[in-house]
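Worksheet: the structure to be examined is printed underneath.
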Amino acid sequence: MDRWACINAADFALQVLLRAHPDWREEPAALLDRDHPQGKLVGLNLAARQAGLRSGMRYGEALALIPALRAGTIATEEVEAVAEAIARALCDYAPQVERHEEIAGLFWLNASGLSKLYPSWRLWAEPLRDRLMERFEIRVTLVVGFRRALTYVIARTSRSSGAFDTPEAEARAAGKAPLSELDLSRSDRDLLAHLNLRTLTDLLALPARGLERRLSPALVELYHQARGDRELPIRPFRIEEPTQSSQHLDYAERDTHRLLFLIKGHLHPLLQRLEAANDKLIALDLHFELERHPAITERVEPAQPTLDALTLSDLIRLQLERLELPGGVTQITLTAHSEKTRSEQLRLFLGGDEPPARDMEAANRALARLRAQFGVEAVQRVRLRQAHLPEGRFLLEPFDALPLPAPSSRSNASHAVRRFYPTPLRLRGLPPARDREGPHTICGGWWVRELHRDYHLIATHDHRLIWVFYDHRRHRWYVHAEF
């Protein structure tokens with residue numbers, strides 16, 4: 001009989017946030033959907049719930065109740081990275097591992113066949129649970145049962161781990177699970193409350209006939225999976241090993257031209273292996289082991305996925321020309337990151353052989369050369385966001401490819417171009433002004449750090465246009481931008 005283990009990390013995103021701030025664990029802490037007084041609390045630890053906070057409350061309202069509340073946001077990429085690392089670690093404990101496609105922190109392990117290695121399922125499950133806490137600082141609930149749907153229901157609604165010896169015991173425990181704690185939409189929860197269906201047993205007591213007309217597809221699917229009529233589709237987690245090539249050198253090499261020659265010798269076989277797998281290279285890591293110095297890793301990123309050895313060789317050459325080696329290289333390792341080849345369907349709509357007015361591929365190749373010669377941080381773009389302070393209303397972030405331009409609804413509007421200083425520059429005194437506009441006051445920030453600034457736009461006698469402000473807390477003048 002199949003044996004399945006469901007691992008659920010409750011409030012996974014909040015736990016990832018607390019990993020970065022371990023000093024918050026014993027204090028009221030919350031996860032925000034955005035760092036703003038009107039941001040909502042989407043995750044709470046036990047201390048915050050005991051203090052009276054609830055999910056959905058505004059950050060400003062929560063601070064008024066608990067001034068010492070610790071709160072922050074977490075990037076989706078960071079949550080995904082931790083979930084990926086946990087899935088990789090679980091592959092050492094079971095032959096088959098699955099990740100939930102939508103719920104981060106929810107996993108299944110196929111434990112069939114492991115009973116001969118462990119006299120009790122608890123002797124297998126408890127060390128695994130403790131190992132996840134020790135390695136990742138993530139608390140999980142681990143349930144060992146017979147059906148994936150029922151282990152999911154028990155793990156999502158229970159805070160205690162366990163193992164079931166018989167399918168009947170598993171079914172009884174799942175039947176007591178409160179439906180309000182499952183991942184259902186608000187409308188489904190309201191419908192269940194209106195029908196007075198509180199547990200899974202109440203839901204399974206409904207007749208199957210006509211169920212599709214009365215319940216949502218999600219509830220119908222849960223009904224049939226809990227009854228055993230259907231099973232959750234199996235989507236195994238697979239570890240994609242990068243394509244690598246390595247060479248140990250008999251001598252410490254410092255000459256970058258000879259290093260380029262050695263790298264080219266590995267590049268062609270590497271690209272042939274990618275082509276055989278129907279992949280294209282999106283990034284190439286160059287790892288250099290050095291004599292009596294720490295290792296160095298450089299990344300080469302082409303403008304678009306490619307198998308062109310000449311283009312990659314040119315980018316590698318530019319990367320090596322700016323590389324300063326503190327010691328001789330004793331080993332070279334090339335790691336290729338790839339993606340599946342995609343057909344360029346847009347070419348069907350171009351028609352003829354006439355090149356387009358804007359050659360985006362040429363532009364992206366030029367940006368790739370800039371990244372190779374000056375570093376990844378040399379090519380960035382501005383992303384606007386909502387924030388209280390001017391320096392917080394945009395972010396500089398790297399990007400891989402230049403997007404096609406899109407028409408703007410305000411194409412006739414004129415925009416001032418400024419050299420903006422994210423960290424304002426202190427002024428010893430205001431320069432002589434031909435004209436001045438202001439003050440425009442910005443104050444507030446009590447939820448993080450209170451501030452009071454008076455902004456002025458000044459036209460100087462030497463024909464400069466600068467944006468300055470007076471900081472009332474520091475009693476100093478600063479320049480924030482120049483036009």
Side-chain angles (χ1 to χ4, degrees), residues 1-10 12 83-84 86-118 120-126 128-129 131-132 138-185 188 199-204 206 208 211 215-239:
M1 185 174 290
D2 289 343
R3 292 290 255 168
W4 289 92
C6 184
I7 296 177
N8 176 60
F12 185 66
E84 184 83 6
I86 292 177
R88 286 175 174 269
L90 292 176
C91 291
D92 296 334
Y93 291 86
Q96 182 178 342
V97 176
E98 298 181 50
R99 276 192 59 191
H100 196 283
E101 292 185 338
E102 298 178 0
I103 304 174
L106 182 61
F107 310 87
W108 284 277
L109 278 69
N110 187 346
S112 304
L114 296 179
S115 58
K116 296 182 178 181
L117 301 177
Y118 299 90
S120 169
W121 285 108
R122 291 172 179 82
L123 296 179
W124 171 79
E126 292 179 0
L128 172 55
R129 182 192 59 198
R131 176 61 175 162
L132 293 177
I138 298 293
R139 292 184 176 87
V140 302
T141 300
L142 197 156
V143 176
V144 182
F146 297 87
R147 287 170 47 199
R148 294 162 64 240
L150 296 187
T151 56
Y152 156 76
V153 170
I154 298 170
R156 292 294 287 179
T157 57
S158 175
R159 290 293 183 265
S160 59
S161 301
F164 296 97
D165 297 325
T166 63
E168 293 75 18
E170 178 189 42
R172 287 194 297 270
K176 300 176 183 178
L179 297 174
S180 59
E181 296 187 17
L182 294 179
D183 298 282
L184 301 173
S185 65
D188 284 344
T199 65
L200 188 62
T201 299
D202 297 337
L203 179 64
L204 297 180
L206 297 177
L211 208 63
L215 301 181
S216 70
L219 289 175
V220 172
E221 191 68 19
L222 175 63
Y223 175 89
H224 288 293
Q225 289 174 0
R227 281 184 39 159
D229 304 333
R230 304 172 189 171
E231 188 53 272
L232 291 169
I234 297 178
R235 300 180 178 87
F237 172 80
R238 293 183 176 87
I239 299 177

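What you see below is based on every heavy atom in this structure, not just the backbone, and it leaves out hydrogens, waters and symmetry mates. What you are looking at is a predicted structure, and each value in this text was computed from that prediction instead of being measured.
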Minimum heavy-atom distance between [X] and [Y], given as atom pair plus value:
| X | Y | answer |
| --- | --- | --- |
| Val97 | Ala87 | CG1-O, 4.2 Å |
| Val144 | Trp124 | CG2-CZ3, 4.0 Å |
| Cys6 | Leu106 | SG-CD1, 3.6 Å |
| Pro178 | Thr157 | O-CG2, 3.6 Å |
| Ala226 | Arg147 | O-NH2, 2.8 Å |
| Ser216 | Asp188 | OG-OD1, 2.9 Å |

Roughly how far apart are [X] [atom1] and [Y] [atom2], rounded to 0.5 Å?
| X | Y | atom1 | atom2 | answer |
| --- | --- | --- | --- | --- |
| Ile154 | Ser161 | CD1 | OG | 11.5 Å |
| Tyr223 | Leu204 | OH | CG | 6.5 Å |
| Leu215 | Glu221 | CG | CD | 12.5 Å |
| Arg159 | Arg139 | CZ | CZ | 12.0 Å |
| Thr166 | Phe146 | OG1 | CZ | 6.0 Å |

Exercise. Using the test salt bridge (charged side-chain N to carboxylate O under 4.0 Å, His left out), find all partners of Asp183 that sit at least two apart in sequence or belong to another chain.
Key: Arg156

Do [X] and [Y] have side chains that get closer than 4.5 Å, going by heavy atoms?
| X | Y | answer |
| --- | --- | --- |
| Gln225 | Arg148 | no |
| Asp202 | Leu179 | no |
| Ile7 | Ile86 | no |
| Phe164 | Leu150 | no |
| Asn110 | Trp4 | yes |

Quiz item: How are the rings of His100 and Tyr152 set relative to one another: parallel (under 30°), tilted (30 to 60°) or perpendicular (over 60°)?
Solution: parallel

Quiz prompt | side-chain hydrogen bond (donor to acceptor under 3.5 Å, both in side chains) against Asp165, all qualifying residues, sequence neighbours excluded | solution = none

Practice problem: Taking Ser112 for its side chain and Arg3 for its backbone only, find out whether a donor-acceptor pair lies under 3.5 Å. | Solution: yes

Self-check item: Main-chain N/O of Ala163 paired to Arg122 side chain as donor or acceptor, under 3.5 Å
Solution: yes

Practice problem: Mind jotting down which residue pairs meet the salt bridge (Lys or Arg N to Asp or Glu O under 4.0 Å) criterion with at least one end in residues 167-179? Sequence neighbours excluded, please. | Solution: none

Quiz item: Between Leu132 and Leu90, does a side-chain contact (heavy atoms from CB on, under 4.5 Å) hold up when you go through it step by step?
Solution: CA-CA 9 Å; Leu132 293 177; Leu90 292 176; 4.2 Å; yes

Quiz prompt | Worked check of side-chain contact (heavy atoms from CB on, under 4.5 Å) between Leu200 and Leu182 | solution = CA-CA 10 Å; Leu200 188 62; Leu182 294 179; 5.5 Å; no

